[in-house]
S.K.: 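To start, I am sharing the structure in question, which I have written as structure tokens.
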Amino acid sequence: MRFSSNKYRLLIAASCVVVPAAIAAIIVYAQSDPLRSPARRTWRDEAVRMIQARVSDKDWLARERASLSSKAATRPYSGGWVSDELLVMKNGDWIACESVCAKEQATPVKKDLFIGFGSDGRWYYSTFHFCVGKCVLEMERQPDTLAEFVDGFCLAPFDGKSDDSLKVTWNGGAYGDEKLELEHNAPH
């Protein structure tokens, strides 16, 4: 196919309009994606820094674990195992964590995100809707182990810094004991 000089100029002119418009559309979409928004990335990075500082403070960790273990002994079904910054399992496993809920008044984050560092030395994230102040956990039974918590609340491991932690892990549906029960009873 041979282009005339006028058709060639028209093709170049159209390309000069279409290509920048396509690039602009991609940039606008990337900025508007609530999972990968700058606010969510910034929140994740700050949560990781705060958790690292907490976990490196061995005295804080020991005090918080002891306090939650004591509360959980008498309130395993009413949030005794939950604080704003730490969750303790029945066997002593723990996860230091931060959580943001899109329902919070003062947050620019539009999709929930949970970041945690577990007693197993691994970073985790989840898009499970723990709600404001992780209040969903106030109504849940204390998990037996960290592995049970990870499975029941759709946590996924990540490296503590990558954008893998911005992906969806939970799309609604069963969670906690109900999810574990469904998995246990599923045909193999």
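FYI, side chains are in, hydrogens and waters are out, and symmetry mates aren't considered; it's all heavy atoms of this structure.
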S.K.: Quick one: salt bridge (charged side-chain N to carboxylate O under 4.0 Å, His left out) pairs with a partner in residues 78-94, sequence neighbours left out?
M.R.: Arg54-Glu85, Lys90-Asp144
S.K.: Return the set of residues passing salt bridge (Lys or Arg N to Asp or Glu O under 4.0 Å) with Arg44 (not counting sequence neighbours), or none when no residue passes.
M.R.: Asp163
S.K.: Under 3.5 Å, which donor-acceptor pairs link side chains of residues 100-107 to any protein atom two or more places apart or in another chain?
M.R.:
| residue | atom | partner | partner atom | Å |
| --- | --- | --- | --- | --- |
| Glu104 | OE2 | Cys101 | N | 3.0 |
| Thr107 | OG1 | Val109 | N | 3.1 |

S.K.: With sequence neighbours left out, write down each residue that passes ring pair (Phe, Tyr, Trp, His ring centres under 6.0 Å) with Phe153, or none if nothing qualifies.
M.R.: Phe128, Phe130, Phe149
S.K.: Could you see if Leu166 belongs to whatever hydrophobic cluster contains Phe117? Use Ile, Leu, Val, Met, Phe, Trp, Tyr and a side-chain cutoff under 4.5 Å.
M.R.: yes
S.K.: Once side-chain hydrogen bond (donor to acceptor under 3.5 Å, both in side chains) is applied, what residue pairs with a partner in residues 126-140 remain, sequence neighbours excluded?
M.R.: Asp112-His129, Ser126-Thr169, Thr127-Thr169
S.K.: Contact between Leu68 and Trp94 at the side-chain level, heavy atoms closer than 4.5 Å - yes or no?
M.R.: no
S.K.: Using the salt bridge (Lys or Arg N to Asp or Glu O under 4.0 Å) criterion, which residues pair with Arg65? Sequence neighbours excluded.
M.R.: none
S.K.: Applying side chain to side chain donor-acceptor pair (under 3.5 Å), name anything that partners Ser83, two or more places apart in sequence or on another chain.
M.R.: Glu64
S.K.: Drop me the distance from Ile115's CD1 to Leu113's CG, to the nearest 0.5 angstrom.
M.R.: 4.0 Å
S.K.: For Asp45, which residues count as a side-chain contact (heavy atoms from CB on, under 4.5 Å) partner, sequence neighbours excluded?
M.R.: Arg49
S.K.: Should we count CZ of Phe158 as having more than 12 external heavy atoms under 6.0 Å?
M.R.: yes
S.K.: With sequence neighbours left out, write down each residue that passes side-chain contact (heavy atoms from CB on, under 4.5 Å) with Lys71, or none if nothing qualifies.
M.R.: Ser67
S.K.: Heavy-atom distance under 4.5 Å between the side chains of Val88 and Val82, does that happen here?
M.R.: no
S.K.: Can you tell me how far apart NZ (Lys110) and CG (Asp33) are? Round to the nearest 0.5 Å.
M.R.: 14.0 Å
S.K.: Does Arg40 reach the side chain of Arg36, with side-chain heavy atoms less than 4.5 Å apart?
M.R.: no
S.K.: For Arg122, which residues count as a side-chain contact (heavy atoms from CB on, under 4.5 Å) partner, sequence neighbours excluded?
M.R.: Asp120, Tyr124, Pro157
S.K.: Identify, with sequence neighbours excluded, every residue that meets side-chain contact (heavy atoms from CB on, under 4.5 Å) alongside Lys161.
M.R.: Asp159
S.K.: Rounded to the nearest 0.5 Å, how far apart are SG of Cys97 and CD1 of Ile51?
M.R.: 6.5 Å
S.K.: Do Met50 and Trp43 belong together in a cluster built from hydrophobic side chains that touch within less than 4.5 Å?
M.R.: no
S.K.: Once you round to the nearest 0.5 Å, how far does OG of Ser69 lie from CG of Leu86?
M.R.: 8.5 Å
S.K.: Once salt bridge (charged side-chain N to carboxylate O under 4.0 Å, His left out) is applied, what residue pairs with a partner in residues 165-188 remain, sequence neighbours excluded?
M.R.: Arg141-Asp177, Asp151-Lys179, Asp164-Lys167, Lys179-Glu183
S.K.: Measure the CG-CG distance between Leu87 and Leu146 for me, rounded to the nearest 0.5 Å.
M.R.: 9.5 Å
S.K.: So how far is it from Cys154 SG to Tyr125 OH, rounded to the nearest 0.5 Å?
M.R.: 11.0 Å
S.K.: With side chains defined as the heavy atoms from C-beta onward, is the minimum distance between Val48 and Trp123 less than 4.5 Å?
M.R.: yes
